Amino acid sequence: MLRQISRSNFGRVAAATSLVAGATFLAAPPTQAQSDSSRVAISKSEFTPLTVSSNVQVGKNVHLVTLDFPNKTDSLGMTTAGMLMVQGEKRDGSGTIARPYTPVSRNDTLGKLELVVKDYPGVGNVSSHICASKPGDKLGVKGCFTKIEVKPNKWKKVGMLAGGSGITPCLQVAEELLSSPGDETEITLIFCNQSPSDIFLKDHIDALAAKSGGRFTVHYCVDKAGVFDFWKGLTGYVNADMVKKYLPPPTDDSMVMVCGPPPMYKAICGGKKFEKGKPPKQGDITGILGGMGFTNANVFKF
Ligand SMILES: Cc1cc2nc3c(=O)[nH]c(=O)nc-3n(C[C@H](O)[C@H](O)[C@H](O)COP(=O)(O)OP(=O)(O)OC[C@H]3O[C@@H](n4cnc5c(N)ncnc54)[C@H](O)[C@@H]3O)c2cc1C
Ligand SMILES: *[C@@H]1O[C@H](CO)[C@@H](O)[C@H](O)[C@H]1NC(C)=O
Ligand SMILES: *[C@@H]1O[C@H](CO)[C@@H](O)[C@H](O)[C@H]1NC(C)=O
Ligand SMILES: *[C@@H]1O[C@H](CO)[C@@H](O)[C@H](O)[C@H]1NC(C)=O
């Protein structure tokens, strides 16, 4: 474990990890509340102000932020895989703007929701606003919106390619399937970061894999490892050999999910299609996956 963390970061990461151990999304799922005593805390049509109850740094520029619902029995009302919009101040002070984020807590966590947000210091608008928030601050939240419906045994095998904060929807899907009684989906994740010290939530992801009875396998991949990182994982950008070796091939009963920064989409599967005034479309499957025969039937771009 020490090896995964560069010496300069060890103190901070270790401290963050022990704090994070108190977070609910790391704990056993709470018992389902009676549905008649629970109401959905947030609206799909307008921003609901929620109170920040904690903000913990869990990696380089990465924060785990907890927002409390008005009522302890409220639920998120989210169908996995879902996302919501968070409002934040623009950096230049010219008003507010909203960006999409993916809760890492799910619908069975009552009374609060949890976000993992990567800050873009000096350039980010909403990301910096969320990461700078303090307990007691309010954030406007609207949603949830379903991206792709994930159900137990919908696919036999699921592959996931995540880059940086693109881990959030992959974690949501993995946790949903692994906690669903009777689900047998085999999940393989390749989690890409720039360097070993950039990897975040590793203890959490490893624990999820360890208790999955072999159903959830994780491979870490870094752009570049330093000589003192003693790196044993994958190195370099994701390539066709890694996909062939670790992810399910394109079949009717498999799905490969991709989430990362735009250059990663471009290389792996082609970007999503953005048209002004319309929701983003999946776009054709090109890149590495396109070259291997994957189509829109077995690739989903978050
Ligand atoms: C469906 C969906 C779910 C998302 N879930 C999460 C999540 O759970 N956690 C999270 O941290 N982020 C998530 N994002 C990204 C998030 O919505 C914002 O794009 C990000 O926080 C930057 O917003 P900003 O307003 O701070 O910066 P902006 O003002 O939009 O841009 C600041 C700088 O960051 C760059 N940038 C913007 N977005 C990205 C990006 N995604 N990757 C790399 N560079 C970028 C811009 O090019 C610019 O240089 C998600 C995005 C989508 C589409
Ligand atoms: C979320 O959980 C609440 C409370 O248990 C329940 O009433 C609601 O139907 C759930 N919603 C979804 C979309 O699963
Ligand atoms: C919280 O929800 C419960 C169950 O629906 C309800 O009885 C109670 O009045 C609510 N409290 C507040 C402060 O809204
Ligand atoms: C983000 O902040 C910068 C100022 O740092 C601003 O110029 C830019 O317009 C903002 N982005 C959006 C989409 O509002």
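Order of appearance sets the numbers: ligands from 1, and atoms from 1 within every ligand. Just so it is clear, the structure is predicted and the values come from calculations on it, not from any experiment. Residue indices begin at 1 and follow the sequence shown.
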Student: Using a strict cut-off of less than 4.0 Å between a Lys/Arg side-chain nitrogen and an Asp/Glu carboxylate oxygen, indicate whether Lys60 and Asp198 qualify as a salt bridge.
Tutor: yes
Student: For atom 2 (O) of ligand 4, is the nearest protein heavy atom under 4.0 Å away?
Tutor: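 Yes, there is one.
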Student: Considering only heavy atoms of Thr79, which atoms of ligand 2 have at least one such atom less than 4.0 Å away?
Tutor: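 Heavy-atom distances to Thr79 below 4.0 Å select 13 (C).
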Student: Using a 4.0 Å cut-off to any heavy atom of Ser75, which atoms of ligand 2 qualify?
Tutor: 1 (C), 2 (O), 3 (C)
Student: Can you check which of Lys90, Glu89, Arg91 brings a heavy atom nearest to atom 14 (O) of ligand 4?
Tutor: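 When every heavy atom of Lys90, Glu89, Arg91 is considered, Lys90 comes closest to atom 14 (O) of ligand 4.
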Student: Could you go through Lys138 and Thr51, starting from their C-alpha distance and side-chain angles, then the distance that decides it, and tell me whether this counts as side chain to side chain donor-acceptor pair (under 3.5 Å)?
Tutor: CA-CA 5 Å; Lys138 301 249 189 228; Thr51 307; 3.0 Å; yes
Student: Only heavy atoms count here, so choose which of Leu110, Asn107, Asp108, Thr146 is nearest to atom 11 (N) of ligand 2.
Tutor: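 Closest candidate by heavy-atom distance is Asn107.
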Student: Got a second to check how far Ile167's CD1 is from His204's NE2, nearest 0.5 Å?
Tutor: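 If we round to the nearest 0.5 Å, Ile167:CD1 and His204:NE2 are 9.0 Å apart.
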Student: Please write down residue, atom name and distance for the protein heavy atom closest to atom 8 (C) of ligand 4.
Tutor: Asn125 ND2, 4.0 Å
Student: When rounded to the nearest 0.5 angstrom, what distance separates OG in Ser165 from CG in Leu201?
Tutor: 11.0 Å
Student: Verify, without hydrogens or angle tests, whether Lys301 (side chain) and Gly271 (backbone) share a donor-acceptor contact under 3.5 angstrom.
Tutor: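 Present.
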Student: I need the contact residues for ligand 1: any residue with a non-hydrogen atom closer than 4.0 Å to the ligand, ordered by chain then number.
Tutor: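 Around ligand 1, where the cutoff is 4.0 Å for heavy atoms, the contacting residues are Arg99, Pro100, Tyr101, Thr102, Val116, Val117, Lys118, Tyr120, Val123, Gly124, Asn125, Val126, Ser127, Lys147, Ser165, Thr168, Pro261.
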Student: List the closest protein heavy-atom neighbour of atom 9 (O) of ligand 4: residue, atom name, distance to the nearest 0.1 Å.
Tutor: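 Of every protein heavy atom, Asp92 OD2, 4.7 Å lies nearest to atom 9 (O) of ligand 4.
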Student: Can you measure from CD (Glu89) to CD1 (Ile97) and round to the nearest 0.5 angstrom?
Tutor: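 The CD atom of Glu89 sits 11.5 Å away from the CD1 atom of Ile97.
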Student: Using a plain distance cutoff, I'd like to know if Arg99 has any nitrogen or oxygen under 3.5 Å from a nitrogen or oxygen of ligand 4.
Tutor: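 In this structure, Arg99 places no N or O atom under 3.5 Å from an N or O of ligand 4.
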Student: Out of curiosity, Cys259 SG to Ile268 CD1, how far, rounded to the nearest 0.5 Å?
Tutor: 10.5 Å
Student: Taking NZ, NE, NH1 and NH2 as the nitrogens, is one of them in Lys156 or Glu186 under 4.0 Å from a carboxylate oxygen of the other?
Tutor: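 Glu186 and Lys156: not salt-bridged.
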Student: Look up atom CD1 in Ile190 and atom CE in Met242, then write down how far apart they are to the nearest 0.5 Å.
Tutor: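 Between atom CD1 of Ile190 and atom CE of Met242 there are 7.0 Å.
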Student: Considering only NZ, NE, NH1 and NH2 on the basic side and carboxylate oxygens on the acidic side, decide whether Arg215 and Asp183 come within less than 4.0 Å.
Tutor: yes
